[in-house]
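Worksheet: one structure, shown below.
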Number of protein chains: 2
Amino acid sequence: MLPELKIQPLRYVLAIVDEGGFHAAARHLHRTQPALSMAVRELEQRLGEPIFEKGGKAMLTPFGTYCLPRFRELIIQHDRLSRDLVTQVEKRAGHIDMAAVPSVASRLMPRLLSNFIQHYPDLKVSLHDGTADFVSRLVSAGEVDLGLTSLWQVDEELDFQPLMRDAIGVVCRDDHPFAGREALDWQELQGQALIRNGTSRLLEGTEAELLLAQSDFYISNMISLTAMLVAGIGITTLPRLAFPEEYERLRFVPLATPHVERELGLLKPRRRSLSPAAQAMEAFIILELGE
Amino acid sequence: MLPELKIQPLRYVLAIVDEGGFHAAARHLHRTQPALSMAVRELEQRLGEPIFEKGGKAMLTPFGTYCLPRFRELIIQHDRLSRDLVTQVEKRAGHIDMAAVPSVASRLMPRLLSNFIQHYPDLKVSLHDGTADFVSRLVSAGEVDLGLTSLWQVDEELDFQPLMRDAIGVVCRDDHPFAGREALDWQELQGQALIRNGTSRLLEGTEAELLLAQSDFYISNMISLTAMLVAGIGITTLPRLAFPEEYERLRFVPLATPHVERELGLLKPRRRSLSPAAQAMEAFIILELGE
DNA sequence: TACAACGATAAAACAACCTTATCATTTTAT
DNA sequence: ATAAAATGATAAGGTTGTTTTATCGTTGTA
């Protein structure tokens with residue numbers, strides 16, 4: 001029904017007009033003159049109306065004059081699209097949605113993102129933070145491109161690439177007997193007022209698991225948790241990266257036995273692929289954090 | 001530099017998404033499935049980034065999701081252009097600039113244009129009127145598409161197609177001795193107060209040419225001319241078509257010897273071609289006026 | 001009058017596109 | 001669980017389009 005216009009012949013027409021002739025245009029386009037002649041003839045037949053006057057010179061017909069600005073417009077739109085897509089592919093534009101557990105978001109991401117935008121100044125990044133469970137569900141649902149988290153549970157849909165290990169330790173106030181210790185054995189914690197938090201389940205499956213049962217508090221909010229620790233109400237366990245160093249009165253003492261670690265890494269969808277921008281972010285993170 | 005996107009593969013991508021698979025899309029497009037596979041692969045290679053996920057189903061990558069609405073937009077613009085141009089070629093849109101001598105403009109054009117727009121309801125027509133000289137210069141300069149006029153002078157750039165002959169006659173008031181006569185000989189006009197007008201030069205080159213020398217007035221404006229005739233100040237010569245029939249007191253008497261005619265016809269540029277709309281008008285005029 | 005430049009054309013080389021036939025996977029139905 | 005059906009990918013071959021080389025006819029110019 002509608003004739004299918006190819007972009008290239010339209011370009012030829014523009015060049016012929018701009019350069020003032022078939023020969024000049026052919027030179028400019030790195031084509032031979034007959035190529036243009038035939039392309040124009042093809043286009044004219046397709047439209048059912050001549051674009052150039054037949055006699056001698058390369059002069060537009062009234063119909064050709066009508067076509068010219070419209071051809072130019074379509075070409076401009078084509079080129080804009082083409083350029084836009086290439087820009088995306090070349091990671092010179094685009095945006096990345098990320099999610100990270102709070103410790104990573106607050107301790108690792110600031111420097112990482114700052115470095116990232118120096119390499120990719122035109123990429124936009126959004127960072128959400130939440131529990132490991134929340135992060136993996138965001139990635140799974142495709143609501144973010146990438147997640148930085150500890151492995152929550154094996155999910156067939158998700159691909160987890162380990163990047164760093166983060167050892168669990170005890171956090172207590174600076175006047176607690178543990179403060180200043182180099183390391184601790186889990187048995188020393190028995191009888192202590194242990195406050196559980198979101199990371200406590202990392203102890204599950206270890207000898208120290210027994211400690212969780214004797215704990216009276218579970219506090220998920222980090223601000224509340226630190227307030228209780230500062231108040232001397234109890235102690236807790238945290239991965240080192242989650243230890244809030246900005247609190248002067250709190251101390252972190254590594255748990256030597258059992259040596260428990262969480263594995264922080266990059267979470268991405270397994271069956272889906274990443275946007276070019278997210279690919280850049282992925283490569284950058286692996287380069288920066290994994291060595 | 002920029003990859004050249006062809007419209008058709010973009011259409012394929014849309015169809016694959018809309019129909020939910022390569023096979024369904026192929027059926028819908030009257031192509032085979034490998035044709036789509038290969039076209040998509042070509043497009044992906046050109047852009048340097050996959051559009052569909054590799055595994056199994058026809059699912060868009062994030063990049064493909066980004067592309068989709070943009071592909072659709074370019075296709076819509078292509079189709080709009082294509083449809084627009086076809087509409088022009090098929091004379092279902094467009095506009096025609098015309099010029100005619102006043103007699104034609106006022107006596108022939110109203111009915112003609114009225115008939116024309118019944119056949120081509122979406123074409124727009126502009127009609128200018130002026131002297132034969134003016135008309136031919138408008139056509140020559142390309143400021144109008146077509147002219148309806150008497151042949152002014154042979155112009156290599158213009159093509160004149162005769163359509164009708166228009167006999168010269170004498171115009172006088174109803175109480176003039178000539179009124180009521182069937183025909184007149186030029187010699188009878190000698191001694192009469194003859195008012196020349198824009199059409200008087202039609203007598204040049206005939207025996208009656210001598211009359212022009214004895215004329216004291218030249219009036220180009222038709223309203224002024226008729227006012228003078230109605231006032232009985234003199235008589236004039238006019239082609240029959242230019243004779244203002246709406247003046248009850250004026251009479252037209254054909255000039256029998258010499259029998260002078262002007263030839264009215266269609267003027268168009270010779271080396272330039274006409275817009276599709278103007279072509280329709282040309283054909284229509286020849287059909288209506290030339291028989 | 002001859003020359004140079006222009007666009008049109010014919011034939012052959014080349015590239016793009018589409019089809020047929022077939023494969024490896026995955027999904028659906030029994 | 002297994003067979004059947006459907007999915008997209010791939011290879012080879014044919015058709016169609018596009019480009020080039022070579023040449024022609026015309027037009028404008030020296």
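Just so it is clear: chains get the letters A, B, ... in the order the sequence lines come, proteins before strands, and each one is counted from 1. Note that the coordinates shown come from a computational prediction; the quantities given were computed from them, not determined experimentally.
A close approach under 4.0 Å does occur between a side-chain nitrogen or oxygen of A:Y12 and OP1 or OP2 of D:dT19. One finds a side-chain N or O of A:K6 lying less than 4.0 angstrom from the OP1 or OP2 phosphate oxygen of D:dT18. B:K57 has no side-chain polar atom (N or O) that falls below the 4.0 Å cut-off from OP1 or OP2 of C:dT27.
Nucleotide C:dA16 holds its C1' atom 15 Å from the CG atom of B:L43, rounded to whole Å. Rounded to whole Å, the distance from CZ on A:R41 to P on D:dT18 is 12 Å. Look at CD on A:Q45: it is 13 Å from C1' on C:dA8, rounded to the nearest Å. Here the C1' atom of nucleotide C:dA15 and the CE atom of A:M38 are 15 Å apart, to the nearest Å. Atom CZ in A:F52 sits about 15 Å away from atom P in C:dC6, given to the nearest Å. The CD atom of B:E4 sits 18 Å away from the P atom of C:dA15 (whole-angstrom rounding). For B:L60 and D:dG8, the CG to C1' distance is 15 Å, given to the nearest whole Å. If you take NZ of B:K54 and P of D:dG8, they are 13 Å apart, rounded to a whole angstrom.
Salt bridge annotation for B:R27-B:E19: absent, with no cationic side-chain nitrogen under 4.0 angstrom from a carboxylate oxygen.
With sequence neighbours left out, A:K268 forms a side-chain hydrogen bond (donor to acceptor under 3.5 Å, both in side chains) with A:E282. Remark: B:R270 pairs with no residue by the side-chain hydrogen bond (donor to acceptor under 3.5 Å, both in side chains) rule, at least two apart or across chains.
Side chain of B:R272 to backbone of A:P62: no donor-acceptor contact under 3.5 angstrom is found.
Pairing each heavy atom of B:S82 with each of A:P3, the nearest pair is OG-O, 2.7 Å.
Axis deviation across the helix from C:dT1-D:dA30 to C:dT30-D:dA1 amounts to 20°, comparing end segments of five pairs, rounded to 10 degrees.
A heavy atom closer than 4.0 Å to some atom of DNA chain D occurs in A:H30, A:R31, A:T32, A:P34, A:A35, these being the qualifying members of residues 15-37 of chain A.
Here the CZ-CG distance, from A:R31 to A:L36, works out to 8.5 Å after rounding to the nearest 0.5 Å.
The ring-ring contact (aromatic ring centres under 6.0 Å, His included) contacts involving residues 12-42 of chain A comprise A:F22-A:F52, where partners must be two or more places apart or lie in separate chains. Note on residues 64-73 of chain A: pairs passing side chain to side chain donor-acceptor pair (under 3.5 Å), not counting sequence neighbours, are A:D18-A:R72, A:Y66-A:R70, A:Y66-B:D84, A:Y66-B:Q88, A:R70-B:D84.
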Apply salt bridge (charged side-chain N to carboxylate O under 4.0 Å, His left out) to residues A:K6 and B:E4 and explain how you reach the verdict. CA-CA 10 Å; A:K6 293 181 209 117; B:E4 185 88 9; over 6 Å; no
